[in-house]
Amino acid sequence: MLIPCPYCGVRDAQEFSYRGDATPVRPDPAAPDAEEKFHDYVYLRDNPAGAFKEIWHHSAGCRRWVEVERDTLTHEIKATRFSAEGRRA
C-alpha cells in the first residue's frame, strides 16, 4: 500500500507506523463518569468496513503524524493531511 505523505510525497506503508482510529476524543478526567468513559475510550473500538479515518506516524520519513482517510475494503486512500496528534504529544 502506498501512502501519500503531505511532506515527503508518496511512500510505501512500511515507512509508517499505524496508530489507529483518528476519531476518538479523550474524555474529561474531571467528569463524574470519567472511569466509565475512559474504559470505553481505551477498550471499545469500531472495526468498520469502508471509509475510515486513521492516524499513521511517518517513522522512517519526516516523523510527522498523518491523518489518512482510507477505505478499509479496497485500501484506496481518499485524502491525507498532517494530524493534530503531533501537536498534542
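Looking at Arg81 and Glu69, their side chains come closer than 4.5 Å, going by heavy atoms from C-beta outward. In this structure, Trp56 and Arg19 have side chains that are not in contact, with every pair of non-hydrogen atoms separated by 4.5 Å or more. For the pair Pro6/Val66, a side-chain contact is recorded, criterion being any heavy-atom separation below 4.5 Å from C-beta on. Put simply, the side chain of Arg63 reaches to within 4.5 Å of the side chain of His57, judged on heavy atoms.
Residue Tyr7 is not grouped with residue Ile3 when hydrophobic side chains (ILVMFWY) are merged at heavy-atom distances under 4.5 angstrom, including chains of intermediate members. Under the 4.5 Å side-chain heavy-atom criterion for grouping Ile, Leu, Val, Met, Phe, Trp and Tyr, Val68 is connected to Tyr18 within one hydrophobic cluster.
With respect to the salt-bridge test (charged N to carboxylate O, under 4.0 angstrom), the residues Glu76 and Lys78 qualify.
Within a 6.0 Å sphere centred on CG of Asn47, other residues, nucleotides and ligands contribute 12 heavy atoms or fewer.
Here CZ of Phe82 is found 5.5 Å from SG of Cys62. Values are rounded to the nearest 0.5 Å. A distance of 6.5 Å separates NE2 of His75 from CE of Met1, quoted to the nearest 0.5 Å. In this structure, CG in Asp71 is found 10.5 Å from CD1 in Ile77, a value given to the nearest 0.5 Å.
Minimum interatomic distance between His58 and Cys8 (heavy atoms only, all atoms of both residues): CE1-SG, 3.6 Å. Taking all atoms of both residues into account, the shortest heavy-atom contact from Thr72 to Ala49 is OG1-CA, 3.4 Å. Here the shortest heavy-atom pairing between Ile55 and Ser83 reads CD1-OG, 3.3 Å. In plain terms, the two heavy atoms of Ala34 and Pro29 that are nearest each other are CB-O, 3.5 Å.
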Taking it one step at a time, do Phe52 and Asp21 satisfy side-chain contact (heavy atoms from CB on, under 4.5 Å)? CA-CA 8 Å; Phe52 194 57; Asp21 187 353; 3.6 Å; yes

Apply side-chain contact (heavy atoms from CB on, under 4.5 Å) to Lys53 and Arg70, showing your working. CA-CA 6 Å; Lys53 286 186 181 178; Arg70 180 174 71 95; over 6 Å; no

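Annotation: cation-pi pair Arg45/Tyr41 present, NZ/CZ under 6.0 Å from the ring centroid and within 45° of its normal.
Remark: the backbone N or O of Pro4 is paired with a side-chain donor or acceptor of Thr80 at under 3.5 angstrom.
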